[in-house]
Amino acid sequence: MKKIGVLTGGGDAPGLNAVIRAVVKTAISMYNCEVFGIKNGYDGFLEEGGIVPLGMEEVRGILPRGGTILGSANRGNPYARKVIRDGLEVTVDVSDEIVKGIKKLQMDALIVLGGDGTLRIAHELSQKGVPIIGVPKTIDNDIGGTEATFGFDTALNIATEALDRLHTTAESHHRAMVLELMGRDAGFIALQAGVSGGADVILIPEIPFKFASIMSKIHERAEKGRKFSILAVSEGAKPQGGEQVFSRRGDEIYVPRLGGIGQVVGEYIEKQGFESRVTVLGHIQRGGTPTSFDRSLATRYGAAAVRLAAKDGFDRMVALQCGKITDISLEEATAISKRVKLDDDAVITARNIGISFGDE
Ligand code: F6P
């Protein structure tokens, strides 16, 4: 193994830089290998100056830094890229150009840090002969075959702190405070932060809710003298028989953007005569320094990805299973997205301690 590439695709997540650092350090010190960073996801293969050498100097001091020193792109799907041809904007498949670019560079491996979209593309490029290894990244924790994606723990900590802060102001003003959290179609952030942050109601996409049930919980608390309530609401949550709320519809380039269910829930509570306020935590969950857990997991993933490349373990993704780093095929990792199971211990525990999922 002489030359490897590393790229970061899709939405950023705390820990990306920690993975890049571990890849560079392991590749250089263990395999005496050259490392190249591909800028802005797969786009770097198509852009002038899109590929940069990464040495020890370039990764010095980046372990605690959020974001990615390589940049990312969540419009970077090589199978559907918008380009201007003959003065017109058209969508084209540039995957073959990317494959050619990778082959021309004579890279022995390409390590791709991404969520389900980026990893699906990685699997497809693998089918075209690109030697790819995936690393599971996303605050949503929704990638199959791994117990944890890096970035999730940091998002959880931020969401938990937000719930703690909402608690004190909720109590002072006797309000229902709604916190809308990210996670797309998976409720892991709202569920786990909701439990850790003492939410009274948790709404997640996997458990469609009834508005009336939310109000019963708020009234039940008020009757006991607790005249405030805290609601942790996944952006992908939806009412029974209803639809998810989007702030922007998707197209062939952009995935649909979820957002607005917190406001819907808050307005409903107000209409029922109970004062409410809504906070959308948004990209605060993705920014800033990774937690110790994420730094460590990201470092373990980065080093493991290089070891896997050294033994030609391509078209595979590093994963965490039973607390140990292992690897699974990219096909398996991307086949079924991970979701909260209704018999998950965290769901049962939440119900046991009186948290409502708005479904009863
Ligand atoms: O997948 C990570 C994530 O942060 C989701 O939780 C959220 O729905 C989405 O990305 C937001 O994407 P963008 O950065 O494009 O607004």
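Whatever order the structure lists ligands and atoms in, that order sets their numbers, starting from 1. One is the number of the first residue; the rest follow in order along the sequence. From a predicted model like this one, the values you see are computed outputs, not experimental measurements.
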### Message
Between the side chains of Lys227 and Glu171, is the shortest nitrogen-to-carboxylate-oxygen separation below 4.0 Å, so that they form an ion pair?
### Response
no

## Note on the structure
Which of Leu125, Asp315, Ile121 passes side-chain contact (heavy atoms from CB on, under 4.5 Å) with Ile132? Answer is Leu125

### Query
Is there a path from Val280 to Leu179 through hydrophobic residues (I, L, V, M, F, W, Y) whose side chains come within less than 4.5 Å of each other?
no

### Message
For the residue pair Thr146 / Tyr301, report whether a side-chain donor-acceptor contact shorter than 3.5 Å exists.
### Response
yes

### Message
So that I can tick it off, tell me whether Glu206 and Lys238 are bridged by a salt bridge, with the cut-off set at under 4.0 angstrom between side-chain N and carboxylate O.
### Response
no

### Query
Quick one: hydrophobic cluster around Leu88, which other residues, with the 4.5 Å side-chain cut-off, linked directly or via members?
none

Pick out the protein N or O atoms lying less than 3.5 Å from any N or O of ligand 1, and list each pair with its distance.
| from | atom 1 | to | atom 2 | distance (Å) |
| --- | --- | --- | --- | --- |
| ligand 1 | 1 (O) | Asp140 | OD2 | 2.6 |
| ligand 1 | 1 (O) | Arg184 | NE | 3.4 |
| ligand 1 | 1 (O) | Arg184 | NH2 | 3.1 |
| ligand 1 | 4 (O) | Arg286 | NH1 | 2.8 |
| ligand 1 | 6 (O) | Asp140 | OD1 | 2.7 |
| ligand 1 | 6 (O) | Gly183 | N | 3.0 |
| ligand 1 | 6 (O) | Glu235 | OE2 | 3.4 |
| ligand 1 | 8 (O) | Glu235 | OE1 | 3.4 |
| ligand 1 | 8 (O) | Glu235 | OE2 | 2.5 |
| ligand 1 | 10 (O) | Arg184 | NH2 | 3.3 |
| ligand 1 | 10 (O) | Arg286 | NH1 | 3.1 |
| ligand 1 | 14 (O) | His283 | NE2 | 2.9 |
| ligand 1 | 14 (O) | Arg286 | NH1 | 3.0 |
| ligand 1 | 14 (O) | Arg286 | NH2 | 3.0 |
| ligand 1 | 15 (O) | Asn74 | ND2 | 2.9 |
| ligand 1 | 16 (O) | His283 | NE2 | 3.1 |

